[in-house]
Amino acid sequence: MKSFGLPFPLRDWQTFLWVLLRDRQAWKHSIKSFLAAVIALYIGLAVDLSRPYWAMASAFIVMQPVMGGTNSRGIYRITGTLIASVAVVVFVPELSQSPILLSLVMSLWLIACMFIALLHRGPSSYVFMLAGYTTSFIGFPMVLQPDAIFQIALARSEEIMLGSLCAVVVGALVFPDSIKSMIEQRVQPLMAGAKKWCAQVLAHRSSSDELRRRLAHGLSQLDLVIPFAKRDDPRHGELGAWLSELRALLLGMMPVLAAIEDRLDNLGAHATENAELMRLLDDMRQWIIQDVPMPLATLRDFFLRIETLRPAMSEDSASLLLDSLLLRLKELAELWYDSRHLWQSLQDGHPPPEPVFGIDLHSLVSIENRHIDWSMVFFSALAPGVTLFTYCLLWIAIGWTEGASGAMMAAVAASFFAAQDDPAPNIAGMLIWSIVAILTTGVYLFGAFPLIHDFWPLVLLITPGFLLVGLIISRPSLFMAGMTLVTNVATLMAIQNHSAGGDFTSYVNSSVASILGLLFALLITRLFRSVGAEWSVQRLIRQGWRIIAAAAEGHGRQDRERFMMRMLDLLGLLAPRLASLPEGSEAAGVDMLEEVRIGLNILNLRRARSDFPASNQLVLDRALESVAAHYRACERAGRLLSPSQELKLALETSLSHLRTLPPGGARDEALLGLIGLRIRLFSQQDMPDFLGAKP
């Protein structure tokens, strides 16, 4: 969610305004938004809709910089409004005689809708958020006229549909912009970052934590673009699927790169003295940094060279580490081949070749494989409902007949920022810009509108202001400020067929109610909901440790790929929060990508143990129990603890017992998993020759 903060010091406002006025894309978006709004208002007045200004506001809300975004937002807004209309028709007639019970039901409905919205975490969450707070817009102004609720709900639906359809049609016909340009702006830095990380790892140069975090954050942000790509120009119908597959592959690449980096560090001189390995690494680096996709024949040549370099299963740890490194290099080659071809397809529109990576990561990137903090989702959804119900109790207690505007604004403000760690600053920003909108509207209503008696002079009067605000909306850092201005001004003007000006008493009452509702949202959020980024980071890290401990204990699904997707999703949630932590924060020192790799090693062991004799299973289970105990202790302490010597002994004992087993796939997988845990949890120093040790 965008913030209300200014992107420049106040002394630089002239420079900012000059740059904004020269921005052709900003002008195009502003003109298209205003054109759609004027058309919606004209049609609404022509067919005598009861509140045509809602159609006008909806056109501004639905219009997005790209066609796919406009189409998606139009569908979401219409769907959410229809759901809310059905709900309010059910609630209000039955409960209108019991205001407190009606307020409670409306608040519970808001909580339920926000809970579903927060689970989605993508643009489609707008459907459920809108369904939640729109019941306040339709229902509360009509509590004294419950018999008319169906007509009002129908009129609201017609107004929203009209405004949304006008935005969609104008977006498609007037200077249409495909989402391809937005995809290029988002994916280009992601691919450049992945390429840079690959080059650093293969050249055996340390990669920065900032590079990893930026990549994880960028990948998490692609969720906001993928649904828009699926509803863009029909000629680009595959963009959404290709972008989703690319996101999954780049997510899968992150632990592979970290593993390669780690193995090269562990091998040290054993790697640098292997001339063939060094040539392979350099050739792969040269291939990755070039600007054209690699043909399949070149990839197969890499596979052949990797197989040739793989050592026979030996009794020294260096051979095992080398084998593990080569397997990870093969995975990296497959992932980059598929990713680079998908990026090429996104650029030129031609289908990519058949994928070579053995796991369909795209199928795993779904809501059931995401990391979900159920208690925090519920708590975040509860806050808007508590805000709305608290305001309604005050409204009922003082008997304020025109206090409905406050209920609307309280519901909107608490809902819009519910996903944030601390919504209070943005609610305060909404309050400030709403006051600006109220004052601006007052000038229009009581200073200019009484002199206007026709539609087109009215349009000429409001054009400069709306075009300027449209320019502001085009700036991401000022999007919420501009949208608060334009929607509040459009609705507070209340342009209708039978009103040339405004009723001052009604205007003041609704304005005061709106401000009071926003103040309530701010107060309740401060008391009930605000948490800092560090608190959220520590909570997410503890949940990651809990997932790892559960994997070691054998609870839940022990599916390697699903575990990886869930942990990488958690990493994506952490990335933007880690960037905002203060210098020296203890939470910033935890590398969750390393924890992902530890979990994958654990799942290797879980998968291999079923093929072992009972005696080996018992020893391996003891080692896994020690790993689980370590992470449970970290979770309880709220910080990363040093692993115990008992855990180290358990791992080495389990490794030494593997020498009694005949060679095979399960034995090799267990060896690689145990060595990975031994190296990650402890240093490589004094690492024994496990296969040579006696059990």
Side-chain angles (χ1 to χ4, degrees), residues 17 21 26-63 137 141 152 155-156 158-167 169-170 174 402 404-405 408-409 433-474 481-515:
L17 184 60
L21 291 174
W27 273 109
K28 186 163 67 172
H29 178 64
S30 180
I31 292 171
K32 288 169 63 175
S33 299
F34 185 63
L35 177 60
V38 169
I39 293 172
L41 179 62
Y42 181 84
I43 296 173
L45 292 170
V47 299
D48 201 21
L49 291 178
S50 58
R51 293 178 177 86
Y53 49 86
W54 279 118
M56 182 183 186
S58 287
F60 277 110
I61 293 169
V62 169
M63 184 64 74
F137 280 73
I152 295 300
R156 168 78 179 190
E158 291 171 343
E159 292 148 8
I160 298 302
M161 287 181 186
L162 173 60
S164 300
L165 290 174
C166 286
V169 172
V170 170
V174 181
E402 297 189 56
S405 297
M408 301 176 195
M409 297 305 293
W433 287 103
S434 295
I435 292 173
V436 173
I438 289 168
L439 296 176
T440 302
T441 306
V443 173
Y444 277 114
L445 282 176
F446 307 108
F449 279 13
L451 306 176
I452 301 297
H453 304 288
D454 198 11
F455 179 77
W456 295 113
L458 172 70
V459 171
L460 288 175
L461 175 67
I462 65 177
T463 294
F466 276 100
L467 287 180
L468 179 60
V469 176
L471 293 177
I472 293 173
I473 290 173
S474 69
M483 191 56 67
T484 301
L485 273 173
V486 78
T487 53
N488 275 279
V489 171
T491 52
L492 287 171
M493 282 180 176
I495 300 171
Q496 296 169 284
N497 275 324
H498 309 294
S499 64
D503 177 79
F504 185 75
T505 302
S506 175
Y507 168 76
V508 170
N509 268 286
S510 66
S511 299
V512 171
S514 296
I515 293 171

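The first residue in the sequence is number 1, and the count goes up from there.
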Taking atom OG of Ser33 and atom CD1 of Ile61, what is their separation to the nearest 0.5 Å? 11.0 Å

Have a look at Ile452 and tell me which of Leu458, Leu460, Val459 forms a side-chain contact (heavy atoms from CB on, under 4.5 Å) with it. Leu458

Would you say that more than 12 heavy atoms from the other residues, nucleotides or ligands in this model lie under 6.0 Å from the OH of Tyr42, or not? no

Looking at every heavy atom in both Leu439 and Tyr507, which two are closest together, and how far apart are they? N-OH, 4.1 Å

Give the table of side-chain donor-acceptor pairs shorter than 3.5 Å for residues 440-450, with sequence neighbours excluded, one pair per line with atom names and distance.
from, atom 1, to, atom 2, distance (Å)
Thr440, OG1, Val436, O, 2.8
Thr441, OG1, Ala437, O, 2.7

Test applied, side-chain contact (heavy atoms from CB on, under 4.5 Å); reference residue, Cys166; option that passes from Val38, Leu35, Ile39: Ile39

How long is the gap from CD1 on Ile438 to CG on Leu492, to the nearest 0.5 Å? 6.0 Å

Under a 3.5 Å distance rule, please check whether Ser164 uses its side chain to pair with a backbone N or O of Met161 as donor and acceptor. no

Name of the residue among Asn488, Ile473, Ile472 meeting side-chain contact (heavy atoms from CB on, under 4.5 Å) with Met483: Ile473

Of all residues at least two apart in sequence or in a different chain, which pass the ring-ring contact (aromatic ring centres under 6.0 Å, His included) check with Phe60? Phe466

Could you list all the salt bridge (charged side-chain N to carboxylate O under 4.0 Å, His left out) pairs where at least one residue sits in residues 26-35, not counting sequence neighbours? Lys28-Asp177

Would you be so kind as to tabulate the donor-acceptor pairs closer than 3.5 Å made by side chains of residues 51-58, with sequence neighbours excluded?
from, atom 1, to, atom 2, distance (Å)
Ser58, OG, Trp54, O, 3.1
Ser58, OG, Arg77, NE, 3.0
Ser58, OG, Arg77, NH2, 3.3

For Leu165, enumerate each residue passing the side-chain contact (heavy atoms from CB on, under 4.5 Å) test, keeping only those at least two apart in sequence or located in another chain. none

Short side-chain to backbone donor-acceptor contact, Trp27 and Leu21, under 3.5 Å: yes

So, does Ser30 use its side chain to make a donor-acceptor pair with the main chain of Leu467 at under 3.5 Å? yes

Apply side-chain hydrogen bond (donor to acceptor under 3.5 Å, both in side chains) to Ser50 and list each qualifying residue two or more places apart in sequence or on a separate chain. Glu159

Over all heavy atoms of both residues, which pair between Thr487 and Thr484 is shortest? Give the atoms and the distance, please. OG1-O, 3.5 Å

